[in-house]
Undergrad: 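Can you keep this structure in mind? I'll have questions shortly.
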Amino acid sequence: MGYADEVFDLTDRVVLVTGGSRGLGAEIAMGAARCGADVVIASRNMDSCVAAAEKITAVTGRSALPYQVHVGRWDQLDGLVDAAYQRFGKVDVLVNNAGMSPLYESLGSVTEKLFDSVVNLNLKGPFRLSALIGERMVADGGGSIINVSSSGSLRPDQYMLPYAAAKAGLNALTEGLAKAFGPTVRVNTLMAGPFLTDISKAWDIADDSFGHLALQRAGNPPEIIGAALFLMSDASSFSTGSILRVDGGLP
């Protein structure tokens, strides 16, 4: 094992990724498994979870548990945590990645149902999961929680305000949880900029859509892996309550 392999080694650790069946979550889960972790793939679609879990096992040989759950529904999260601990006996890394940002025509057209559903999935769910797993991590002697946020939380657009507000709340949650669970459990924000995932297919992308970024382009999903591995592994052992931006150079 080379030096870099040792620094980013996740052998026999257990990584739970919400929204782990596609997009950035799938890349993060596969990256963790490639570094030796067993993974829990949680999302609303069981078929997608199973497919992602089977792919991870086929590629890496690591165990992968698919679990169907709506992260925005408080009463479903205890079952997810119980299933993870029953299967693996622990969770070393929690990645709160599940999220959504529905499109709307105007601010006045935003319904209470849409607003609540966005906040529930992007903020309430991560709070509850972090509370459930974070306390167990403290009892077990350590762990890492990663909240996947968005550059929109810093530079909100008028067409994503409920999402941006929820992600800004997630940034604040990171700092508070880092204090609550320290010194043994680290909590950090992985702040993603525009990435070309399935969600981006709904964007109105012009030739100059990303000209304001230093790299002048959107990210490809695998480009999230390095930052995620840093926060999951002991490579980030002195980082907590922090925001790691992966946004192509947002001004």
Side-chain angles (χ1 to χ4, degrees), residues 9-99 120-148 170 173-174 177-178 180-181 184-188 190 225 228-229 231-234:
D9 184 32
L10 297 174
T11 300
D12 295 330
R13 297 189 191 184
V14 177
V15 177
L16 190 161
V17 184
T18 66
S21 65
R22 64 176 186 167
L24 299 186
E27 297 291 345
I28 291 170
M30 179 63 79
R34 285 182 178 274
C35 287
D38 295 322
V39 297
V40 180
I41 305 295
S43 81
R44 284 181 285 182
N45 187 294
M46 188 59 177
D47 289 341
S48 296
C49 289
V50 170
E54 290 178 346
K55 181 179 179 180
I56 285 173
T57 298
V59 171
T60 69
R62 303 303 306 184
S63 296
L65 171 67
Y67 191 91
Q68 183 176 13
V69 65
H70 191 312
V71 173
R73 295 178 180 170
W74 189 285
D75 60 353
Q76 293 187 18
L77 299 180
D78 289 85
L80 168 60
V81 175
D82 289 343
Y85 278 86
Q86 287 171 7
R87 172 69 178 272
F88 296 112
K90 62 176 182 174
V91 173
D92 299 289
V93 180
L94 167 64
V95 183
N96 286 312
N97 170 73
N120 288 348
L121 183 59
N122 291 286
L123 181 59
K124 185 172 77 173
F127 168 80
R128 179 59 175 166
L129 267 182
S130 296
L132 291 173
I133 293 178
E135 291 182 347
R136 294 201 193 195
M137 286 178 171
V138 171
D140 290 340
S144 173
I145 297 174
I146 302 168
N147 293 319
V148 180
L170 192 61
L173 196 64
T174 292
L177 291 174
F181 297 145
T184 55
V185 176
R186 298 178 295 104
V187 188
N188 293 285
L190 177 55
I225 297 173
L229 289 176
L231 294 177
M232 286 190 279
S233 69
D234 293 340

Undergrad: Count the heavy atoms of every other residue, nucleotide or ligand shown that sit under 6.0 Å from CZ of F127, and state whether that count exceeds 12.
TA: no
Undergrad: I need the I133 CD1 to R136 CZ distance, nearest 0.5 Å.
TA: 8.0 Å
Undergrad: As a quick check of understanding, evaluate side-chain contact (heavy atoms from CB on, under 4.5 Å) for V91 and D140, giving each step before the final call.
TA: CA-CA 9 Å; V91 173; D140 290 340; over 6 Å; no
Undergrad: Would you call D234 and R186 a salt bridge, taking side-chain N to carboxylate O under 4.0 Å as the test?
TA: no
Undergrad: Can you tell me how far the OG atom of S130 sits from the CG atom of L170, to the nearest 0.5 Å?
TA: 8.0 Å
Undergrad: Please report the interatomic distance CE(M137) to CD1(I145), rounded to the nearest 0.5 Å.
TA: 5.0 Å
Undergrad: Should L229 and L10 count as side-chain neighbours, where that means a heavy-atom distance under 4.5 Å?
TA: yes
Undergrad: Answer with yes or no whether the side chains of T11 and D9 bring together a donor and an acceptor at under 3.5 Å.
TA: yes
Undergrad: Output side-chain donor-acceptor pairs under 3.5 Å for residues 32-39, partner residues at least two apart or in another chain, one line each.
TA:
from	atom 1	to	atom 2	distance (Å)
D38	OD1	R62	NE	3.1
D38	OD1	R62	NH2	3.2
D38	OD1	S63	N	3.0
D38	OD2	R62	NH2	3.4

Undergrad: Identify the heavy atoms of G19 and A98 that sit nearest to each other, and give their distance.
TA: N-CB, 3.7 Å
Undergrad: Go through the side-chain N and O atoms of S21 and S43 and say whether any donor and acceptor fall under 3.5 Å apart.
TA: yes
Undergrad: Compare every heavy atom of M46 with every heavy atom of Q68, then report the nearest pair and how far apart it is.
TA: OE1-CB, 3.5 Å
Undergrad: Between L77 and L132, is any pair of side-chain heavy atoms under 4.5 Å apart?
TA: yes
Undergrad: To the nearest 0.5 Å, how far apart are NE2 in H70 and CG in D75?
TA: 10.5 Å
Undergrad: Might you point out which heavy atoms bring N122 and G99 nearest each other, and give the distance in Å?
TA: OD1-CA, 3.1 Å
Undergrad: Under the side-chain contact (heavy atoms from CB on, under 4.5 Å) criterion, do L129 and L80 qualify, and how do the steps go?
TA: CA-CA 9 Å; L129 267 182; L80 168 60; 4.0 Å; yes
Undergrad: Can S144 and D92 be counted as having a side-chain donor-acceptor contact under 3.5 angstrom?
TA: no
Undergrad: Side-chain contact test, heavy atoms from C-beta onward, threshold under 4.5 Å: evaluate it for N97 versus L24 and give yes or no.
TA: yes
Undergrad: What pair of heavy atoms forms the shortest contact from A228 to I28, and how long is it?
TA: CB-CG1, 3.8 Å
Undergrad: How long is the span from the CG atom in L94 to the OG1 atom in T18, to the nearest 0.5 Å?
TA: 7.0 Å
Undergrad: State, with a plain yes or no, whether a side-chain heavy atom of I146 is found less than 4.5 Å away from one of N96.
TA: no
Undergrad: Do other residues, nucleotides or ligands put more than 12 heavy atoms under 6.0 Å from R73 CZ?
TA: no
Undergrad: Would you indicate whether K124, at its atom NZ, is surrounded by more than 12 heavy atoms from other residues, nucleotides or ligands within a distance under 6.0 Å?
TA: yes
Undergrad: So does V69 get a backbone contact from the side chain of Q76, meaning a donor-acceptor N/O pair under 3.5 Å?
TA: no
Undergrad: Tell me the closest heavy-atom pair linking A29 and I41, and the distance in Å.
TA: CB-CD1, 3.5 Å
Undergrad: With rounding to the nearest 0.5 angstrom, report the OH to CG distance, Y67 to L16.
TA: 10.5 Å
